Structures are given as structure tokens and as C-alpha cells.
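First the structure, in the form of C-alpha cells, and then the observations on it.
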Amino acid sequence: MTVTFPDIEAAAERIKGHVVRTPCAFSQRLSAATKTKLWLKAENQQYTSAFKERGALNKLLQLSADERQRGVFAASAGNHAQGVAWHAQRLGIPATIVMPIGTPFVKVEKTRGYGAEVVIEGHSYDEASVIAQNLCAEKGGVYVHPFNDEQVLTGQGTLVMEMLEDVPELDVILVPIGGGGLIAGAAIAAKAMKPWIKIIGVEAAMFPSFTARRRNLPLPAGGSTIAEGIAVRQVGNLTFELANPL
């Protein structure tokens with residue numbers, strides 16, 4: 001399946017009214033410090049404080065009645081977990097989330113607070129993902145991947161649609177990269193709306209998964225990082241194929 005800009009437009013309409021249309025605010029202080037004009041997309045104003053709600057909700061809203069009854073499974077260090085849990089609870093869908101050992105306690109408790117069953121297993125996101133997919137297969141549920149999924153990444157792309165609608169003069173967008181879902185959706189939306197715009201991906205230094213794949217180099221990945229939300233050892237195949245040409 002090829003993800004297109006109309007898919008992102010459809011996702012925007014689908015999730016409209018269910019997530020916050022967050023402001024893209026001009027930062028005087030950061031603009032002065034960087035000697036440029038800099039805007040920030042305030043996704044911390046989402047109910048779960050992160051953009052991950054967008055993709056999770058877009059996926060959940062397209063489940064059939066049978067799939068909703070069977071429940072959803074996911075693996076996450078926090079933000080995707082909370083997005084899936086919150087909107088699954090709203091929609092009456094049972095949710096099971098596998099979170100790696102060492103996930104910040106506050107993220108575990110928030111995920112449980114949104115009604116999900118939380119399983120703490122695996123010493124990394126990658127290990128937790130394998131465990132979650134195995135549980136999903138055993139229970140006959142639907143797996144909601146945090147990034148390597150068409151419906152998830154189209155939901156994430158709605159973020160950049162809003163940015164360019166609100167601030168059409170933007171000519172560079174900085175996007176964090178973990179598994180690549182956000183940058184894939186962002187690049188598709190941005191290049192469709194403004195073909196000459198520049199997209200710059202930013203990775204955690206200890207987890208350069210996209211850079212390694214792009215350069216075809218065995219760059220080492222692993223270790224402790226403050227950016228645990230993007231500490232992903234391997235970028236998604238789908239997300240890389242979509243984002244790399246853009």
C-alpha cells in the first residue's frame with residue numbers, strides 16, 4: 001500500500017474533534033537564541049501530552065466491530081501506550097500494553113489509569129514488541145504498531161498538515177525519529193502541501209536507526225538515553241521506504 005496525502009486528509013477528518021488541534025506557536029526566546037524564526041507545535045496539550053494519540057486513534061476508529069470486541073495489543077515505552085489506552089477506553093475496546101522494564105513509573109501508572117492491562121516485560125522496546133505481538137497472536141487480538149503501520153503514520157501526518165495550515169511560511173520542519181512513523185507521515189503531508197520544504201530528522205545519538213539504514217552502515221545502537229521515547233534500534237521497513245525518498 002502506498003500512503004498518499006489524501007489518506008492523511010481523510011485521517012484528519014476522521015480524528016477531528018477527538019484530539020486537540022494544538023497551536024503552532026512562535027517562540028521569541030528560541031528564535032533569538034537560534035537567530036531564526038522558530039515555531040513550536042504544542043502537542044503536549046493533547047490529553048495524554050503527546051502526538052501519538054493521533055495515529056493510535058486513526059487506527060482504532062477503523063477497526064471492525066469484531067476487531068473491537070477482540071481487543072488491541074501494543075508495545076510502548078509510554079506515549080504510544082497512553083494514546084492507545086486512552087482512546088481504546090473511550091471507544092470501549094479492551095487494550096493490553098507491554099511496557100519494557102525500566103519504563104518511567106509515571107507512564108506505567110498513567111497507562112493503567114486509562115484502563116489498559118499493563119504487562120511489564122522485556123529489557124527494551126524491541127523485546128517488549130516481540131512479547132506483545134506473541135500475546136496478541138495467542139489472544140486473537142489486533143496489534144497496534146507504534147510506527148510501522150499505514151493507519152498510524154497517516155494519523156501522525158495530520159500534525160504537519162495543521163502546522164502548514166497555521167504557519168504557511170515554514171520552510172524547514174524538524175522531526176524526531178524513533179521508528180519513523182512521525183517523519184514518514186510528516187514528510188508525505190509537508191511535501192504534498194509545499195514541495196520545496198525541507199524535512200530534517202533528529203535522532204537520539206545512541207539510537208541512529210534511520211541514519212544507519214540510510215547509509216547502509218552497521219552503526220551501534222543501545223544504551224541509556226533521556227529520550228527513551230525514540231530509543232528504537234531499528235527503523236520500520238514501511239516508514240523508512242516512505243520517508244527516505246522525501
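None of the values given here were measured: they were computed from a predicted structure.
The line from CZ of R14 to CD of Q62 is 3.5 Å long, rounded to the nearest 0.5 Å.
Nearest heavy-atom pair across P146 and A75 is CG-O, 3.9 Å. The shortest non-hydrogen separation linking A189 to G157 is CB-O, 3.7 Å. Closest non-hydrogen pair, R68 versus I93, comes out as O-CG2, 3.6 Å. The shortest non-hydrogen separation linking A74 to A132 is O-CB, 3.7 Å. Minimum interatomic distance between F147 and V235 (heavy atoms only, all atoms of both residues): CE1-C, 4.5 Å.
Salt-bridge formation is not detected for the pair E169/K37: no Lys NZ or Arg NE/NH1/NH2 atom is positioned less than 4.0 Å from an Asp or Glu carboxylate oxygen.
The closest side-chain heavy-atom distance from K59 to H145 is not below 4.5 Å. By the 4.5 Å heavy-atom criterion applied to side chains, T48 and K110 are not counted as neighbours. You'll find the side chain of C24 stays beyond 4.5 Å of the side chain of E162, heavy atoms only. Residues Y143 and S129 form a side-chain contact, since some pair of their non-hydrogen atoms from C-beta on lies under 4.5 Å apart. Between K191 and I197 the shortest side-chain heavy-atom distance falls below 4.5 Å. When side chains are defined from C-beta on, R213 counts as touching N237, because their heavy atoms get closer than 4.5 Å. With a 4.5 Å cut-off on side-chain heavy atoms, E203 and I230 do not count as touching. Under the 4.5 Å side-chain criterion, counting only non-hydrogen atoms from C-beta, M193 is not in contact with V160.
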Criterion side-chain contact (heavy atoms from CB on, under 4.5 Å) on L61 and L91, from CA distance to verdict: CA-CA 8 Å; L61 287 174; L91 298 170; 4.0 Å; yes
One pair to check against side-chain contact (heavy atoms from CB on, under 4.5 Å): E53 and Q82. What are the steps and the verdict? CA-CA 8 Å; E53 282 191 35; Q82 292 174 68; over 6 Å; no
What do the steps show when you test N79 against K107 for side-chain contact (heavy atoms from CB on, under 4.5 Å), and what is the final call? CA-CA 8 Å; N79 292 332; K107 292 187 175 183; 4.1 Å; yes
Take V172 and T36 through the test side-chain contact (heavy atoms from CB on, under 4.5 Å) and record every step on the way to the result. CA-CA 11 Å; V172 177; T36 188; over 6 Å; no
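Side-chain heavy atoms closer than 4.5 Å link hydrophobic residues (I, L, V, M, F, W, Y) into clusters, and following such links, possibly through other members, connects F51 to F210. Under the 4.5 Å side-chain heavy-atom criterion for grouping Ile, Leu, Val, Met, Phe, Trp and Tyr, V119 is not connected to V144 through any hydrophobic cluster. Hydrophobic clustering, with ILVMFWY side chains joined whenever heavy atoms are under 4.5 angstrom apart, keeps Y47 apart from L60. Under the 4.5 Å side-chain contact rule for hydrophobic residues, L182 and I8 share a cluster. L57 and M161 are members of different hydrophobic clusters when ILVMFWY side chains are connected at heavy-atom separations under 4.5 Å.
For E127 (side chain) and H123 (main-chain N/O), a donor-acceptor pair under 3.5 Å exists by modelled atom type. Side chain of Q156 to main chain of I183: no donor-acceptor pair is present (N/O by atom type, distance under 3.5 Å, no hydrogens or angles). Without hydrogens or angle criteria, T211 side chain to P208 main chain gives no donor-acceptor distance under 3.5 Å. A donor-acceptor pair is defined here as one N or O able to donate and one able to accept, closer than 3.5 Å; such a pair exists between the side chain of S31 and the backbone of L38.
Side-chain N/O atoms of T4 and D7 include a donor and acceptor closer than 3.5 Å.
Annotation for Q89: atom CD counts as buried by contact number, over 12 foreign heavy atoms lying within 6.0 Å.
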